[in-house]
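Everything on this sheet refers to the single structure shown next.
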Number of protein chains: 2
Amino acid sequence: MSDKKTTPLTSPSIEEHHCTVDLRLEKLEMVPFFRDLNDEDLRTVNEKFTAKHYSEGETIYRQGERATMLRVVVAGNIKLVSHTMDGTDVLLDMLKPGEFFGSPTAKSGDVYVETAQTQTNACILSIRLADFRKIMDTYPTVSVSVLDITTDKLNDSRERIRYLSTLPVKKRIAHILVMLANKFGEKDKRGLLIQLPLSRKDLADMAGTSSETASRIMSQFQQDDLITSGRQWVAINDKPELLRISAE
Amino acid sequence: MSDKKTTPLTSPSIEEHHCTVDLRLEKLEMVPFFRDLNDEDLRTVNEKFTAKHYSEGETIYRQGERATMLRVVVAGNIKLVSHTMDGTDVLLDMLKPGEFFGSPTAKSGDVYVETAQTQTNACILSIRLADFRKIMDTYPTVSVSVLDITTDKLNDSRERIRYLSTLPVKKRIAHILVMLANKFGEKDKRGLLIQLPLSRKDLADMAGTSSETASRIMSQFQQDDLITSGRQWVAINDKPELLRISAE
DNA sequence: CGGTATTTTGATTTAGCTCAACAGACGTGG
DNA sequence: CCACGTCTGTTGAGCTAAATCAAAATACCG
């Protein structure tokens with residue numbers, strides 16, 4: 001436990017030249033809503049996509065911009081943020097490879113309702129919305145699959161409304177830590193390491209609180225040996241207990 | 001302004017015997033996701049539905065019950081509520097005729113994540129999830145349409161997260177009143193009357209606050225002549241000003 | 001007209017925000 | 001490899017919005 005301070009995150013070293021067709025094909029299969037397509041259809045679909053590399057902290061699109069593309073994460077992590085007029089941010093979602101973002105069904109004239117930003121270096125596929133619409137009309141399994149995912153996101157989102165409306169900050173943060181551990185956790189000597197640059201402000205923007213309050217609560221969890229944490233990283237030591245706190 | 005106290009709501013007098021096939025056919029056409037079907041297909045689809053009448057305050061299904069049906073509102077209003085262990089309720093959504101509820105994509109074993117309850121007398125159509133899945137696989141326009149609606153709900157839900165995370169109660173309630181006016185408002189001598197039994201507790205459960213606080217804020221709005229309100233009803237006098245308050 | 005549910009209003013308490021200062025970690029360039 | 005500047009996180013003190021507790025007033029229902 002001497003290295004409590006050094007960042008233990010394995011930074012995903014996606015080089016620009018790795019963001020290629022080979023990787024694209026391999027990963028498109030991975031995307032849930034293309035899994036049911038056969039090889040030939042998959043090849044047809046693949047041609048509609050273009051790949052692009054982004055480095056850490058880059059903005060992919062901004063809230064308010066005309067929505068034209070649907071995007072898929074091939075490598076790296078993306079966060080979806082909503083900015084408010086007074087400067088406060090709300091962190092709506094964090095994405096990992098295989099997930100899509102940008103409204104799948106925006107009509108012409110619609111704009112993005114959130115800002116998408118990389119948390120790490122990332123490789124992203126894009127498809128024009130019109131092309132994607134055509135694919136959904138051609139392959140019913142695709143649209144049903146996108147619907148499945150969107151329904152899950154809606155349920156998550158409503159659960160979060162429940163937490164924001166009824167629970168104190170401590171329980172909200174405990175809950176967020178458990179969710180992040182489930183989605184991004186990797187077994188590690190430190191326990192379940194959340195493989196993601198994760199600041200106190202990020203946590204605060206997810207929990208709807210200030211970074212100071214988030215910090216205080218994280219300190220408390222650390223004192224109670226529930227987590228180990230340093231600058232921009234968090235590892236979970238006692239998930240069951242955090243779960244208990246969030247639900248009690 | 002003499003009758004400020006008497007309820008001005010026109011209660012939707014849906015008699016049990018009106019909830020019939022005739023009404024069903026007429027209304028199914030109204031449902032957005034069946035609008036693109038031709039008459040014959042519509043007839044086929046219609047046969048899979050059963051109609052049922054519910055009276056005011058009845059519970060249609062409870063959170064935690066096995067999810068087996070997708071439902072469509074033909075007449076009346078439904079509210080979707082999430083109950084928490086400590087007794088507080090969160091009002092997730094209020095539905096009017098034409099809207100569907102119950103997860104469209106629940107797998108066998110899934111349960112409802114919220115409770116559905118009538119706010120007025122209501123006529124509801126039900127279809128078994130397996131049957132609806134078959135319809136979506138057969139008619140791509142249906143699944144794409146359901147996806148459109150679900151995406152809109154997801155965006156609404158995220159906007160609400162933004163409000164809960166960043167704005168004080170007064171702005172949240174102003175925002176909710178504007179939204180309700182847009183969805184349920186009817187021109188009336190009193191202004192825009194929200195055609196819906198709407199208590200202070202309902203408002204509180206939507207805004208994530210206590211009914212006392214909701215009451216105080218409503219009193220203030222009434223003093224400022226922005227609304228007129230009585231027991232279980234609200235009319236909007238000055239929507240632009242409420243909008244301004246919610247956004248300032 | 002009496003009974004019940006809803007709403008209003010008041011008084012008190014408190015969780016969490018804000019402002020402020022400091023400390024620890026990381027990157028960078030010499 | 002060290003010194004410096006910057007960014008992130010910690011901690012403290014006071015303040016405020018909103019919760020809670022309590023009680024009265026009003027609307028509706030039979």
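Here is how names work: the chains are called A, B, and so on, in the same order as the sequence lines, proteins then strands, and each is numbered from 1.
Salt-bridge check for B:R160 with B:D156: failed, with every basic side-chain N at 4.0 Å or more from each acidic carboxylate O. Using a 4.0 Å cut-off between charged nitrogen and carboxylate oxygen, B:E99 and B:K153 count as a salt-bridge pair.
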Give every donor-acceptor pair under 3.5 Å between a side-chain atom in residues 174-182 of chain A and any protein atom, sequence neighbours left out.
from, atom 1, to, atom 2, distance (Å)
A:N182, OD1, A:K239, NZ, 2.7
A:N182, ND2, A:V178, O, 3.4

All N/O donor-acceptor pairs, side-chain side in residues 212-220 of chain A, below 3.5 Å, sequence neighbours left out:
from, atom 1, to, atom 2, distance (Å)
A:T213, OG1, A:S210, OG, 3.1
A:S219, OG, A:S215, O, 3.0

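In A:R244, the CZ atom is crowded: over 12 heavy atoms of neighbouring residues, nucleotides or ligands sit closer than 6.0 Å.
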B/S/- contact track for nucleotides 11-16 of chain D, protein heavy atom under 4.0 Å: BBB---
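Two residues are said to be in side-chain contact when any heavy atoms from C-beta on lie closer than 4.5 Å; A:S103 and A:V113 fail this criterion. Looking at B:T84 and A:R162, their side chains come closer than 4.5 Å, going by heavy atoms from C-beta outward.
In this structure, the side chain of B:K52 does not engage the main chain of B:S126 through any donor-acceptor pair within 3.5 Å. Checked by atom type and distance alone, the side chain of A:T120 never pairs as donor or acceptor with a backbone atom of A:E56 at under 3.5 Å. Distance alone, capped at 3.5 Å, is enough to place a donor-acceptor pair between the A:Q63 side chain and the A:H83 backbone.
In the region residues 201-208 of chain B, proximity to DNA chain C at under 4.0 angstrom, judged on heavy atoms, holds for none of the residues.
The residue B:S210 sits close to a base: some heavy atom pair falls under 4.0 Å.
Checking C:dG16, D:dG9, D:dA27 against the side-chain heavy atoms of A:T209 singles out C:dG16 as nearest.
Helix bend of the helix from C:dC1-D:dG30 to C:dG30-D:dC1: the angle between its two end axes, each built from five pairs, comes to 50° after rounding to 10°.
Atom pair B:R200:CZ and C:dT6:P shows a separation of 12 Å (rounding to whole Å applied). One atom, CE of B:M218, and another, P of D:dT26, lie 18 Å apart when rounded to the nearest Å. Put simply, CD on A:Q232 is 9 Å from P on C:dC26, counting in whole angstrom units. Between A:I217 atom CD1 and C:dG16 atom C1' there is a gap of 9 Å when expressed in whole angstrom units. As a whole-Å value, the separation of A:L164 CG from C:dA15 C1' is 15 Å. Atom P of nucleotide D:dA25 and atom CZ of B:R231 are separated by 17 Å, given to the nearest angstrom. Look at CG on B:L167: it is 14 Å from C1' on D:dA17, rounded to the nearest Å. In this structure, A:Q220 places its CD atom 18 Å from P of D:dG9, rounding to the nearest Å.
Listed by chain and number, the residues in a side-chain contact (heavy atoms from CB on, under 4.5 Å) with A:Q223 amount to none (sequence neighbours excluded).
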